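Everything below concerns the one structure shown next.
Quantities reported herein were computed from a predicted structural model and do not represent experimental measurements.
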Amino acid sequence: MSRKKSLVAESDQPEQDRPLQSKPLSLLDEPPLPSESESPTRPRKRISWAWPQKNPVATVIIGFVISQVLVCAGVMGLCIFMSVGSLLWHNGLLGPNYYTYIGEGIAQYDAGNLEAAVEAYTRAIEEKPDVAWCYVLRADAYYALGDLDAAFDDYTYALRLDIDNAQAFYGRGTIFFAWGSLDAAVINFTEAIELDPGYINAYCYRGDIYREQGDYEAALSELTFAIESDASCVWGWKSRGDTYRRMGDWEAALRDFERAVEVAPDDAYAYINRADAYSHLDRLAEAHDDYQKAVELAPRDVSVYLLRGLSYQSVGEHDLAIQDFDRVIEIDPQNWAGYFNRAYSYNSIGDFEAAIVDFSQSLDLYPDNAVAYYYRALAHKSLAHWDQAKSDLDQAIEIDPTKASYYFERCVVNGALGIDTALVDCNRVIEMDPQLLLAYYTRATVLYAQHDLTAALADFNHIIEQDPNYGPAYLGRADIYYDQGKRTAALADYRRFLELYTPEDDWTTRARSRIEALSDKKP
């Protein structure tokens, strides 16, 4: 694809994953290229700067004097930069204040004063609006401020001025990535690589994108190249390890995470990743040591506690997970993910009341989280709060109507409430996932409760045909045969149910009592 075509690459809409650590991004289409009349400070054409002939002796003297003044002032980082700028200014290449503003912008950016950096770069652009790299510098500052629209506009305009600016393509790629427009991001990172094959971070970004798209082989290829090009690339080691983790190859993941720790021994997330691998390989003592090291390196970073808590969740250590989420909330009481994940762990250990409180707090902070409504509904369902469960499932489906599990649970809840629309939800689930036998089972139980024995029997038969070892289906079918007076068929299904279903509960009690009753009857 040509570079000019990449300037207008369209964004794509990514799928939304389960939100645990961050809110879903608000995706935007790529802004159109600005017209020539949008900003009076922007040029209508390229300008080729001539190099006027000046007195070379005066030029050298001026440059030397300015450099010595800067050295004495202690501004070592700007010494050479400003001295060269003075030479260019004295020779007429740049305006009288251009390099002063650029130097100020860089100093402010390095000091973390991003708004002041933007202001300085803007003044430089007003002096000389035809220099691409100044737009790139301002775009970098806008990006750091989180103003992605303004950053995108500057990166794009820089490419109008200089179509071979690798940094501008790279910057646009990072914005597309943040917006979730992954295909457009790949196009821009590829342009950056073609212009500068040593742009290692662009390979890492492409590797991350391919991994998120499920193309693990392509991801490994990109990240391996990055690592082979620069063995100190901690991003490459961590990201390739994460790719192996997604593939289920925990040994390979551990090897890469170990290298990440070697390359960056002060990187808390390198230890978190290695700890996760240790946990999945049942090396729990080593995992605990790595988690502790990560906390020591970043004791106020809520992400470290979130990641450690999620890892504890994944291996069923919910008490430890809750302690980490407590810490997240202590550090940042407005962190919705801390409440959400603590609630999830409370749900998992059966503390449904506490789960409901935390899910509610999480929803106060992030009211569009369909997953939180869904899990709060499960907590209400466990406590037989049927009306509250239905309300939460209604809200979850309104926010995200694409999840079959939401309809399934609403079908169960509506069935418990005796609401006729339960069948509508069951039918929707089966349309969305025809292989989900549990949906057929649930629909059959609703039909049975509504005394539609013929339709219920058809669903139980379908389940048994698909899975002859599905014990509860035999119990359901046996109950129908029992109601229909089909003694032999009912006895056979009750006995088959007891062969397949071992827990001692109301189901097994009912099956045994009916076998006894049917056995006492004469044929």
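In this structure, I322 CD1 and I329 CD1 are separated by 10.0 Å, a value rounded to the nearest 0.5 Å. W237 CH2 to S232 OG: the interatomic distance, rounded to the nearest 0.5 Å, is 10.5 Å. Rounded to the nearest 0.5 Å, atoms CD1 (I430) and NE2 (H462) are 7.5 Å apart. H288 contributes atom NE2, which lies 10.5 Å from atom CD of E317 (distance to the nearest 0.5 angstrom). We find the CG-OG1 distance between L423 and T442 to be 11.0 Å, quoted to the nearest 0.5 Å. The distance from atom CG of D249 to atom CD of E251, rounded to the nearest 0.5 Å, is 7.5 Å.
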**Worked verdict on D208 versus W235 for side-chain hydrogen bond (donor to acceptor under 3.5 Å, both in side chains)** = CA-CA 10 Å; D208 285 351; W235 181 354; 3.1 Å; yes
**Message:** Let's go through F176 and F152 carefully: what are the C-alpha distance in whole Å and the side-chain angles of both, what is the deciding distance for side-chain contact (heavy atoms from CB on, under 4.5 Å) to 0.1 Å, and is it a yes or a no?
**Reply:** CA-CA 9 Å; F176 278 126; F152 184 92; 3.5 Å; yes
**Item:** Criterion side-chain hydrogen bond (donor to acceptor under 3.5 Å, both in side chains) on R342 and N347, from CA distance to verdict
**Value:** CA-CA 9 Å; R342 189 171 70 177; N347 243 4; over 6 Å; no
**Request:** Could you walk me through whether R428 and Y407 pass the side-chain hydrogen bond (donor to acceptor under 3.5 Å, both in side chains) test, one step at a time?
**Result:** CA-CA 7 Å; R428 178 66 183 275; Y407 294 97; 3.3 Å; yes
**Item:** side-chain hydrogen bond (donor to acceptor under 3.5 Å, both in side chains) between S348 and Q313, worked out
**Value:** CA-CA 9 Å; S348 299; Q313 274 186 349; over 6 Å; no
**Request:** Under the ring pair (Phe, Tyr, Trp, His ring centres under 6.0 Å) rule, what do Y305 and F325 come out as? Steps first, then yes or no, please.
**Result:** CA-CA 7 Å; Y305 294 99; F325 300 137; 10.0 Å; no
**Request:** Dump the intermediate steps for salt bridge (Lys or Arg N to Asp or Glu O under 4.0 Å) on K390 and E409, then the final yes or no.
**Result:** CA-CA 9 Å; K390 180 183 183 306; E409 291 297 340; over 6 Å; no
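When atom types are taken as modelled, the side chain of Y244 and the backbone of R255 share no donor-acceptor pair closer than 3.5 angstrom. Judged by distance alone, with hydrogens and angles left aside, the side-chain atoms of T243 form a donor-acceptor pair with the main-chain N or O of S239 at under 3.5 Å. Side-chain atoms of N461 come within 3.5 Å of backbone N or O of L457 as a donor-acceptor pair. The backbone N or O of L378 sits less than 3.5 Å from a side-chain atom of S382, completing a donor-acceptor pair. Not one N or O on the side chain of D433 forms a donor-acceptor pair closer than 3.5 Å with the backbone of V429. In this structure, the side chain of Y440 engages the main chain of P434 through a donor-acceptor pair within 3.5 Å. Between the side chain of W250 and the main chain of S279, no donor-acceptor pair closer than 3.5 Å is present. Between the side chain of S221 and the main chain of E217, no donor-acceptor pair closer than 3.5 Å is present.
F352 places none of its side-chain heavy atoms less than 4.5 Å from the side chain of Y346. Side-chain contact between Y312 and H318 is absent, with no heavy atoms from C-beta onward closer than 4.5 Å. No side-chain heavy atom of T421 sits less than 4.5 Å from a side-chain heavy atom of D425. Side chains of L491 and D493 form no contact here, defined as non-hydrogen atoms less than 4.5 Å apart. In this structure, D267 and K238 have side chains that are in contact, with non-hydrogen atoms separated by less than 4.5 Å. Put simply, the side chain of L438 reaches to within 4.5 Å of the side chain of Y470, judged on heavy atoms. No side-chain heavy atom of C204 sits under 4.5 Å from any side-chain heavy atom of E222. A 4.5 Å side-chain heavy-atom check between S360 and I356 finds at least one atom pair inside the cut-off.
With salt bridges taken as basic N to acidic carboxylate O contacts below 4.0 Å, none links R300 and E330. Ion pair R259/D256 not flagged as a salt bridge, since none of the NZ, NE, NH1 or NH2 atoms sits closer than 4.0 Å to an Asp/Glu carboxylate oxygen. No salt bridge links R510 with D506; every basic N to acidic carboxylate O contact stays at or beyond 4.0 Å. Using a 4.0 Å cut-off between charged nitrogen and carboxylate oxygen, R512 and E504 count as a salt-bridge pair.
When every heavy atom of V263 is checked against every heavy atom of A231, the shortest pair comes out as CG2-O, 3.5 Å. For the residue pair L365 and P333, the shortest heavy atom distance occurs at CD1-O, 4.1 Å. When every heavy atom of V446 is checked against every heavy atom of G415, the shortest pair comes out as CG2-CA, 4.5 Å. Across all their heavy atoms, Y216 and R211 have their closest contact at CE2-O, 3.7 Å. The shortest heavy-atom contact between G173 and A185 is O-CB, 3.5 Å.
Note: Y375 and Y344 meet the aromatic proximity criterion, with ring centroids under 6.0 Å apart. Between F189 and F169, the distance separating the two ring centers is not shorter than 6.0 angstrom. Y501 has its ring centre no less than 6.0 Å from the ring centre of Y474. The aromatic ring centres of F359 and Y339 sit 6.0 Å or more apart.
Cation-pi check for R283 over Y278 is not met; the charged atom does not lie both under 6.0 angstrom from the ring centroid and within 45 degrees of its normal. For R514 and Y494, the positive end is not near the middle of the six-membered ring at less than 6.0 Å and at most 45° from its axis.
If you run side-chain contact (heavy atoms from CB on, under 4.5 Å) between S311 and each of L306, D324, D276, L320, only D276 comes through. For the side-chain contact (heavy atoms from CB on, under 4.5 Å) with Y203, the qualifying choice from I193, T224, I227 is I193, the only one to do so.
More than 12 heavy atoms of other shown residues, nucleotides or ligands fall within 6.0 angstrom of atom CG in D505. Under a cut-off of 6.0 angstrom, the local environment of NE2 in H385 is crowded, with over 12 non-hydrogen atoms contributed by other residues, nucleotides or ligands.
Y291 and R308 share no side-chain donor-acceptor pair at under 3.5 Å. Residues Y448 and D483 have side chains that bring a donor and an acceptor to within less than 3.5 angstrom of each other. Counting only N and O atoms by type, the side chains of Y269 and D301 include a donor and acceptor under 3.5 Å apart. Residues N273 and R245 bring a donor and an acceptor atom of their side chains to less than 3.5 Å of each other. The closest side-chain donor-acceptor pair between N469 and R496 falls under 3.5 angstrom.
With sequence neighbours left out, V261 forms a side-chain contact (heavy atoms from CB on, under 4.5 Å) with A270, Y271, R274.
Relative ring orientation between W336 and F340 is described as perpendicular, the plane-to-plane angle rising above 60° on a 0-90° scale split at 30° and 60°.
SG distance check for C426 and C411: under 2.5 Å.
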